[in-house]
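Below is one structure, written out as structure tokens, with a few remarks after it.
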Protein chains: 2
Amino acid sequence: MRRFKRSIIDTNEPPPLRLSKFLPYRISVAAESVSRAFAARYEAEFGLSIPEWRVMAVLGEGAPLSTQAVIAATEMDRVKVSRAVIRLADKELVTRAPHPEDQRAQVLRLAPQGEALYRRIVPRAHALQAELAEALTPEEIVLLGGMLERLRRRASRLLGEDGGAG
Amino acid sequence: MRRFKRSIIDTNEPPPLRLSKFLPYRISVAAESVSRAFAARYEAEFGLSIPEWRVMAVLGEGAPLSTQAVIAATEMDRVKVSRAVIRLADKELVTRAPHPEDQRAQVLRLAPQGEALYRRIVPRAHALQAELAEALTPEEIVLLGGMLERLRRRASRLLGEDGGAG
DNA sequence: GACGTATCATCTCATATGAGACGATTCAAG
DNA sequence: CTTGAATCGTCTCATATGAGATGATACGTC
């Protein structure tokens with residue numbers, strides 16, 4: 001039997017894995033807590049789900065957007081966006097118009113009521129974010145933003161590498 | 001009319017809100033990307049969902065645990081844990097025994113097949129985490145862990161403050 | 001001991017999610 | 001123009017989720 005350099009690797013025991021220290025777990029738990037808190041506020045104060053709020057947010061930035069642009073800007077899939085837009089249209093917060101250059105597509109924009117609600121939400125959203133951000137220093141916030149973006153890209157690459165083409 | 005230092009605040013327009021810069025949004029998007037990537041791997045390579053993997057992970061740390069201990073250790077709700085345990089028991093990866101001091105409760109531990117699978121998963125999980133962590137420096141990883149924990153606590157407080165008692 | 005309340009894991013049910021199907025429309029190639 | 005593949009937003013359907021109900025058990029008070 002060949003002899004290798006003695007090391008912990010030689011034993012049958014795997015190196016320990018503490019779930020509580022595991023990065024994907026920690027990100028998921030933190031994100032879920034934050035989403036829960038914000039979802040509860042948006043629902044209680046404005047009657048909006050998070051997907052609905054995201055659509056409002058990107059349309060509130062000013063320019064009318066195609067559904068595809070909203071999908072890209074909110075990082076949500078087309079079904080989620082479709083359903084959020086349907087609900088927002090039912091509430092008369094968003095209008096859907098035919099796209100002038102493509103009859104399959106739509107142009108979305110905030111309806112007057114939507115603009116009014118948007119103006120009410122924005123300061124509240126800023127305040128809530130500020131409350132959350134009290135957990136961090138301003139430098140940490142900047143650093144966190146960069147890290148999250150890098151993690152997102154790396155994770156997308158990881159996903160794409162294996163069974164990507166289902 | 002009193003005159004304030006001229007600033008954008010004086011106008012009727014709310015301060016702009018860019019969704020893409022919004023902290024809760026960025027955390028959510030990053031976490032979703034990471035979860036998706038890891039869920040795909042666990043499913044493809046081991047046939048486990050993330051809730052199932054989490055239960056395996058905490059039981060694999062060694063000691064048998066009550067269901068309540070698993071709920072606490074995995075930060076999942078009791079329904080999610082219950083279902084994950086049922087599936088793991090069906091696959092004969094986990095055993096359920098009556099709790100010696102409380103007939104309502106159970107003691108969970110890895111079955112022999114579960115231990116074998118656990119030993120296969122651990123190095124893979126470490127490798128996947130390492131691949132993800134390549135997006136960050138070692139110092140950033142430590143800092144990120146602390147920030148996520150502080151955000152989680154702050155978010156829990158935010159949630160508890162309003163409609164907490166539903 | 002008997003009773004009422006609390007907690008255990010599970011079940012029920014209403015909602016959320018997303019992969020794939022779908023009809024409508026666009027575009028590329030002849 | 002005609003044809004066929006691609007893309008639009010929505011619908012369908014199977015699965016995931018979690019609040020509340022449920023039956024079993026435990027505990028505190030009498």
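A note on names: the letters A, B, ... follow the listed sequences, proteins ahead of strands, and every chain is numbered from 1.
Not one side-chain nitrogen or oxygen of A/Arg36 sits closer than 4.0 Å to the OP1 or OP2 atom of D/dT17. Contact annotation: A/Arg104 side-chain N/O to D/dA6 OP1/OP2 distance is not under 4.0 Å. Contact annotation: A/Arg87 reaches the phosphate of C/dA16 (side-chain N/O to OP1 or OP2, under 4.0 Å).
Counting non-hydrogen atoms of other residues, nucleotides and ligands closer than 6.0 Å to CZ of B/Arg153 gives a total of 12 or fewer.
Remark: B/Arg109 engages no residue in a salt bridge (charged side-chain N to carboxylate O under 4.0 Å, His left out) (not counting sequence neighbours).
Atom CD1 in B/Ile50 sits roughly 19 Å away from atom P in D/dT15 (whole-Å rounding). Nucleotide D/dT17 holds its P atom 10 Å from the CD atom of B/Glu52, rounded to whole Å. Distance B/Arg83 CZ to D/dT15 P: 13 Å, rounded to the nearest Å. Straight-line distance from the CD1 atom of B/Ile86 to the C1' atom of D/dT15: 16 Å, rounded to whole Å.
Between B/Lys80 and A/Val85, the one whose closest nucleotide on DNA chain D sits nearer the 5' end is A/Val85.
Inspection of the A/Ser66 and A/Gln68 side chains reveals no N or O donor paired with an N or O acceptor under 3.5 Å. Looking only at atom types and distance, the side chain of B/Arg54 has no donor-acceptor partner in the side chain of B/Ser49 under 3.5 Å away.
Note: B/Phe22 and A/Phe38 have perpendicular aromatic rings, judged against thresholds of 30 and 60 degrees for the angle between ring planes.
The nucleotide whose nearest atom lies closest to any side-chain atom of A/Ala105 is, among D/dG9, D/dT10, D/dA19, D/dG9.
Under a 4.0 Å N-O distance rule, the pair B/Glu140/A/Arg150 qualifies as a salt bridge. Ion pairing between A/Lys91 and A/Glu52 holds under the 4.0 Å rule for side-chain N and carboxylate O. By the 4.0 Å N-to-carboxylate-O rule, B/Glu131 lies too far from A/Arg154 to be salt-bridged with it.
Remark: A/Arg96 in residues 89-103 of chain A come within less than 4.0 Å of DNA chain D through at least one heavy atom. Near DNA chain D, defined here as any heavy-atom distance below 4.0 Å, the residues from residues 54-77 of chain A are A/Thr67, A/Gln68, listed numerically.
Counting atom types as modelled, B/Arg78 pairs a side-chain N or O with a base atom of C/dT10 as donor and acceptor under 3.5 Å.
Taken from CG in A/Leu59 to OH in A/Tyr118, the straight-line distance is 9.5 Å, to the nearest 0.5 Å.
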